[in-house]
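First the proteins, then the strands, lettered A, B, ... as listed; each starts at 1.
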Amino acid sequence: MYPLEGATPEAAEAQAAAAVAAAEDRRLVQGLRDGDEAVYTELVRRWHPAMVRVARMYVRDRGVAEEVVQETWLAVLQGIDRFEARSSLKTWVFRILTNRAKTRGVREARTVPFSALAGAADGDEPAVPEDRFLGAEDPRAPGAWATPPRSWAALPEERLEARETLDCIRMAIADLPDAQRTVIALRDIDGWTAAEVRDALEITDANQRVLLHRARSKVRMACETELEAA
Amino acid sequence: MSATALRCQELVELVTDYLEGALSPGDLRRFEEHIALCDACTEYLRQLRETIRLVGAITPDDLTPEAESELLGLFASWKAGSG
């Protein structure tokens, strides 16, 4: 999916970035075809956390997820000669992973289909608790902040990035429902694009955003509680 | 404020769509009009951006040495077999 030549600077920039990505993919694919261990190791290290995360959407057990990752690499190595670069290498690898993980998940009868988890129908979860806003009957301004967020601007950088804050964020992420946790980790820890997450998890763009929204909102709230406690 | 102006409580639910560039042109305009006049929502948006930055500061779990050696072993036997 490479952008067409565009008139805007953004489009030109995106096109340049896509060209760089395509060249990088050619280097990696060639490396794998040549049996270059350095290239293989680079990819294993870069993608392993995300591969385990995605696999665990379908298989509960971490050990089984690791096995799925191994099976995936074997399939990648065996199939790399047939890779035609119609998608990025990453998309192709994660598609293999998802298929394997699903097969394993079915066999273990764990399967909570992801789409069910990802559904927007799992109840109202406001980004900010209702009682932080003025009620609908309030004569002043219904729906306006009653307890507005306190500024973080005055907090020193060391406080924001303190171990306690990061630990609190880690815990908040660990407490999220599976689908929300997977999406925020892929997007904000692993740095994936929205489209990459959508493809790897086989969800819609809208679902991806709902999951990300809920996850980020909860993590912000956890940060707020932690930072105000200090 | 017009009758269709966003309330703060509505704005906080649109923040992700805003950051993802997924708001309709109408909602984008209402969002930006609200933010321009509302310090609390401006702070909320800033906090959300800060949260994203802090989540990015978390390092993913490293590949364990055992997992790495299994994956490298797999590569070695594939290479030997496909040689």
Side-chain angles (χ1 to χ4, degrees), chain A residues 35 37 40-41 44-45 48-50 52-53 66 69-70 73-74 77-78 126-128 130 132-134 141-145 148-153 160-161 165-166 169-170 172-173 184-185 187-191 194 205-206 208-210 212-217 219-224 227, chain B residues 1 3 5-24 34 37-83:
Chain A
E37 189 179 272
Y40 172 77
T41 309
V44 163
R45 289 191 181 140
H48 194 77
V52 174
R53 277 189 230 299
E66 297 270 5
V69 172
Q70 289 177 19
W73 279 115
L74 192 59
L77 294 170
Q78 287 166 345
V128 176
E130 235 176 38
R132 298 275 304 261
F133 299 97
L134 300 175
W145 289 96
R150 281 200 259 159
S151 173
W152 293 356
L160 282 169
E161 291 191 16
T165 317
L166 296 183
I169 290 176
R170 249 186 236 109
I173 292 175
I184 195 173
R187 288 294 308 276
D188 295 339
I189 299 179
D190 299 327
D205 285 317
Q208 195 271 147
R209 285 197 302 273
V210 169
L212 183 64
H213 179 66
R214 290 187 173 157
R216 282 177 176 172
S217 303
V219 174
R220 186 210 64 88
M221 213 144 50
C223 289
E224 182 179 47
L227 292 169
Chain B
M1 283 224 228
L6 277 185
R7 297 171 171 191
C8 304
Q9 198 168 5
E10 294 168 327
L11 183 133
V12 299
E13 300 300 344
L14 296 180
V15 165
T16 305
D17 284 359
Y18 172 71
L19 294 174
E20 296 279 285
L23 288 180
S24 67
H34 183 112
L37 297 171
C38 180
D39 289 345
C41 286
T42 302
E43 177 60 23
Y44 185 85
L45 177 61
R46 198 180 294 138
Q47 289 189 4
L48 213 75
R49 286 199 160 111
E50 188 62 19
T51 301
I52 295 166
R53 189 180 72 83
L54 291 173
V55 173
I58 291 179
T59 30
D61 297 341
D62 278 334
L63 183 58
T64 62
E66 299 78 50
E68 178 163 314
S69 85
E70 291 214 34
L71 287 163
L72 289 176
L74 178 153
F75 182 80
S77 41
W78 166 74
K79 206 171 162 179
S82 74

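Heavy atoms of B:Glu20 lying under 4.5 Å from chain A belong exclusively to its side chain. Neither the backbone nor the side chain of B:Glu10 has a heavy atom closer than 4.5 Å to any heavy atom of chain A. Only the side chain of A:Arg53 comes within less than 4.5 Å of a heavy atom in chain B; its backbone stays farther off. Only the side chain of A:Asp190 comes within less than 4.5 Å of a heavy atom of chain B; its backbone N, CA, C and O stay farther away. Contact annotation for A:Gln70: both backbone and side-chain heavy atoms come within less than 4.5 Å of a heavy atom of chain B. Heavy-atom distances place the side chain of A:Ile173, and not its backbone, under 4.5 Å from chain B. Heavy atoms of A:His48 lying under 4.5 Å from chain B belong exclusively to its side chain.
Most heavy-atom pairs under 4.5 Å with chain B, from the set A:Arg150, A:Gln78, A:Arg209: that is A:Arg209. Interface check for chain B: of the options A:Pro49, A:Pro148, A:Ser151, A:Ala144, the most heavy-atom pairs under 4.5 Å are formed by A:Ser151. Counting heavy-atom pairs closer than 4.5 Å to chain B, the top residue among A:Val69, A:Ile184, A:Asp205, A:Leu160 is A:Leu160. Chosen from A:Arg187, A:Gln208, A:Arg132, A:Glu66, the residue pairing most often with chain B at heavy-atom distances under 4.5 Å is A:Arg187. Most heavy-atom pairs under 4.5 Å with chain A: of the set B:Thr42, B:Thr59, B:Asp17, this distinction falls to B:Asp17.
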Inset, instruction - Report the C-alpha distance between A:Glu161 and B:Arg53 in whole Å, list the side-chain angles of each, state the deciding distance to 0.1 Å, and finish with yes or no for side-chain contact (heavy atoms from CB on, under 4.5 Å). - result: CA-CA 10 Å; A:Glu161 291 191 16; B:Arg53 189 180 72 83; 2.7 Å; yes
Inset, instruction - Report the C-alpha distance between B:Gln9 and A:Glu130 in whole Å, list the side-chain angles of each, state the deciding distance to 0.1 Å, and finish with yes or no for side-chain contact (heavy atoms from CB on, under 4.5 Å). - result: CA-CA 8 Å; B:Gln9 198 168 5; A:Glu130 235 176 38; 3.6 Å; yes
Inset, instruction - Please step through side-chain contact (heavy atoms from CB on, under 4.5 Å) for the pair B:Ile52 and A:Arg216, ending with a clear verdict. - result: CA-CA 7 Å; B:Ile52 295 166; A:Arg216 282 177 176 172; 3.5 Å; yes
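With hydrogens and angles ignored, the 3.5 Å screen pairs no side-chain donor or acceptor of B:Gln47 with any backbone N or O of A:Met221. A donor-acceptor contact shorter than 3.5 Å links the side chain of B:Glu13 to the backbone of A:Ala127.
To the nearest 0.5 Å, atoms CD1 (A:Ile169) and OG1 (B:Thr51) are separated by 6.5 Å. Atoms CG and OG, from A:Leu77 and B:Ser77 in turn, are 9.5 Å apart once rounded to the nearest 0.5 Å.
In this structure, the side chains of B:Phe75 and A:Thr41 stay at 4.5 Å or more apart for every pair of heavy atoms. Two residues are said to be in side-chain contact when any heavy atoms from C-beta on lie closer than 4.5 Å; A:Glu37 and B:Lys79 fail this criterion.
A salt bridge between A:Arg220 and B:Glu50 is absent, with no side-chain N of the basic residue lying under 4.0 Å from a carboxylate O of the acidic one.
Note on ring orientation: taking the six-membered ring where Trp is involved, the planes of B:Tyr44 and A:Trp145 are tilted (angle from 30° to 60°).
The two residues B:Val12 and A:Phe133 have their closest heavy-atom pair at CG2-CZ, 4.0 Å.
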